[in-house]
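Just so it is clear, the values below take in all heavy atoms, side chains as well, and ignore hydrogens, waters and symmetry mates. Atoms within each ligand, like the ligands themselves, are counted from 1 in listed order. Since we're looking at a predicted model, the values are computed, not measured.
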Amino acid sequence: MLLMVYFLSLAAMFKDLKIFIYELPSEYNENWLSNKRCSNHLFASEVAIHRALLNADDFRTFDPNEADLFFVPVYVSCNFSTVNGSPTIVHARSLLFSAIQFITKNYPFWNRSQGFDHIFVASHDYGACFHAMEDRAIDNGIPEFLMNSILLQTFGVNYKHPCQDVENVLIPPYISPESIRKTLEKAPLTGNRDIMVFFRGKMEVHPKNVSGKFYSKRVRTEIWRRYKGDRRFFLQRHRFTGYQSEITRSVFCLCPLGWAPWSPRLVESVALGCVPVIIADGIRLPFSSAVKWSEISLTVAEREVGKLGQILEHVAATNLSTIQKNLWDPAVRRALLFNDHMQRGDATWQILTSLYKKLNRSYRRSRVPSQ
Ligand SMILES: *[C@@H]1O[C@H](CO)[C@@H](O)[C@H](O)[C@H]1NC(C)=O
Ligand SMILES: *[C@@H]1O[C@H](CO)[C@@H](O)[C@H](O)[C@H]1NC(C)=O
Ligand SMILES: *[C@@H]1O[C@H](CO)[C@@H](O)[C@H](O)[C@H]1NC(C)=O
Ligand SMILES: *[C@@H]1O[C@H](CO)[C@@H](O)[C@H](O)[C@H]1NC(C)=O
Ligand SMILES: *[C@@H]1O[C@H](CO)[C@@H](O)[C@H](O)[C@H]1NC(C)=O
């Protein structure tokens, strides 16, 4: 009953909350979509959120004068390196800056509030710092011109960090809901899981010292070293396009840090019903009011990685079925996926809920910067 009231009061928000989506020249967004990967890779929430908002008739407004919030759709993660295929985000700052120049020139709303009611997506490693390496990200900092705005970002830690020192909503990385649906058609959540512990991805045997830092703080190296010959562990170091079906066959899925603490594995594990084992000290997880992370996942400290075998055996013998029951609740899966047409409870819906709460707290109808 209480839950019902809660949903009704949140449903009322859709009549109330009004978002204006800027129409920017196509070089800021549409043009990048000529590369199919742009709307599908792990940073693609910048595209997915834009799409979902464009389709969200209930609270999208075409009249900026009645808007509570302004969404600035700039895709910064789709300039893929011709060398290694990974996104190069060196141009992110200048592209965003030029988008802001465009809206300042053509509309009065940025100037009115200095951007505090404006929303941007920063969906790659160190979020609003726009650099893939932590030291450089911290050195560069959050661009001055974004400091007043609200950032939707995948990067989050539960301690003070310069790259989250801005009003932000933590969001999950993008995984295509279509790919999840297809995989689950072939292998239901409650089907046979014959792999106890699964990990596929980069595990360097001799990680390079990159100006004093080692990939994954060598956690993945340690996993490989300790468990490569262990029959309980299915560890693979190479890419395989069918890896989602491996996740549906697994009980526990390791989600160790990479360079940044967050990983798309977290979303894929949850969506495919494999208990995520989070190994990333200090990580902050998205939508904590909708997803009770402690009830659906396990957290293992980085320094305890050598005890994974024992820890997971223990869980398998005690509370595994409780965790799986919580994890297999469809509401959990829904909360982490972005749909082109927003559904109640999905990732875009969670973002709007968070934004609404922020507005309700401090910004609502206020037209002057709060400081
Ligand atoms: C894309 O990245 C390359 C470097 O990898 C850079 O030379 C180029 O200017 C970037 N393109 C845009 C449009 O920013
Ligand atoms: C916004 O402010 C800038 C500088 O403060 C000014 O150059 C610009 O003309 C203003 N734009 C509008 C639309 O008022
Ligand atoms: C890694 O390299 C840095 C120099 O960039 C050096 O100071 C440090 O001692 C090296 N660390 C290890 C463990 O080799
Ligand atoms: C399951 O047990 C482990 C310890 O073995 C504990 O850390 C975890 O919080 C428990 N999870 C649930 C949902 O009970
Ligand atoms: C909005 O704020 C009012 C007054 O502070 C409060 O009663 C209400 O519960 C809030 N609504 C939400 C959805 O946070």
So, is N79 polar-close to ligand 1, with some N/O to N/O distance under 3.5 Å? yes
Note: T104, heavy atoms under 4.0 Å from ligand 2, region reported as both
*asked:* Check whether N339 reaches the backbone of M342 with its side chain - one donor and one acceptor, N or O, closer than 3.5 Å.
replied: no
**Asked** When only distance counts, is K105 in polar contact with ligand 2, meaning an N/O pair under 3.5 Å?
**Response** no
A student checking ligand 1 against H91 at a 4.0 Å heavy-atom cut-off should list atoms 14 (O)
Original post:
Mind checking whether K18 and F20 have side chains closer than 4.5 Å, heavy atoms only?
Top reply: no
For residues 271-280, the side-chain hydrogen bond (donor to acceptor under 3.5 Å, both in side chains) pairs (sequence neighbours left out) are none
Looking at R265 and E268, is any side-chain nitrogen of the basic one under 4.0 Å from a carboxylate oxygen of the acidic one? no
Within 4.0 Å of some non-hydrogen atom of N111, the atoms of ligand 2 are 1 (C), 2 (O), 3 (C), 8 (C), 10 (C), 11 (N), 12 (C), 14 (O)
Q: Decide whether the shortest distance between a heavy atom of Y107 and an atom of ligand 2 is less than 4.0 Å.
A: yes
Flag the pair H124 / F155 as yes when their ring centroid distance falls below 6.0 Å, and as no otherwise.
no
Paired with Y215, the side-chain hydrogen bond (donor to acceptor under 3.5 Å, both in side chains) test is passed by just one of E204, K202, R220, namely R220
Residues with a heavy atom under 4.0 Å from ligand 3, by chain and number, are N209, S211, G212, F214
- Query: What do the steps show when you test H118 against Y22 for ring pair (Phe, Tyr, Trp, His ring centres under 6.0 Å), and what is the final call?
  - Reply: CA-CA 10 Å; H118 282 55; Y22 281 110; 5.5 Å; yes
- Query: Donor-acceptor pair, Q153 side chain versus C163 backbone, under 3.5 Å?
  - Reply: yes
If we number the atoms of ligand 1 from 1 as shown, the ones under 4.0 Å from a heavy atom of W32 are 13 (C)
In ligand 1, the atoms that come under 4.0 Å of a heavy atom of T88 are 2 (O), 5 (O)
Got a donor-acceptor contact below 3.5 angstrom from the Y107 side chain to the P64 backbone? no
Problem set entry | Main-chain N/O of P73 paired with N29 side-chain donor or acceptor, under 3.5 Å | yes
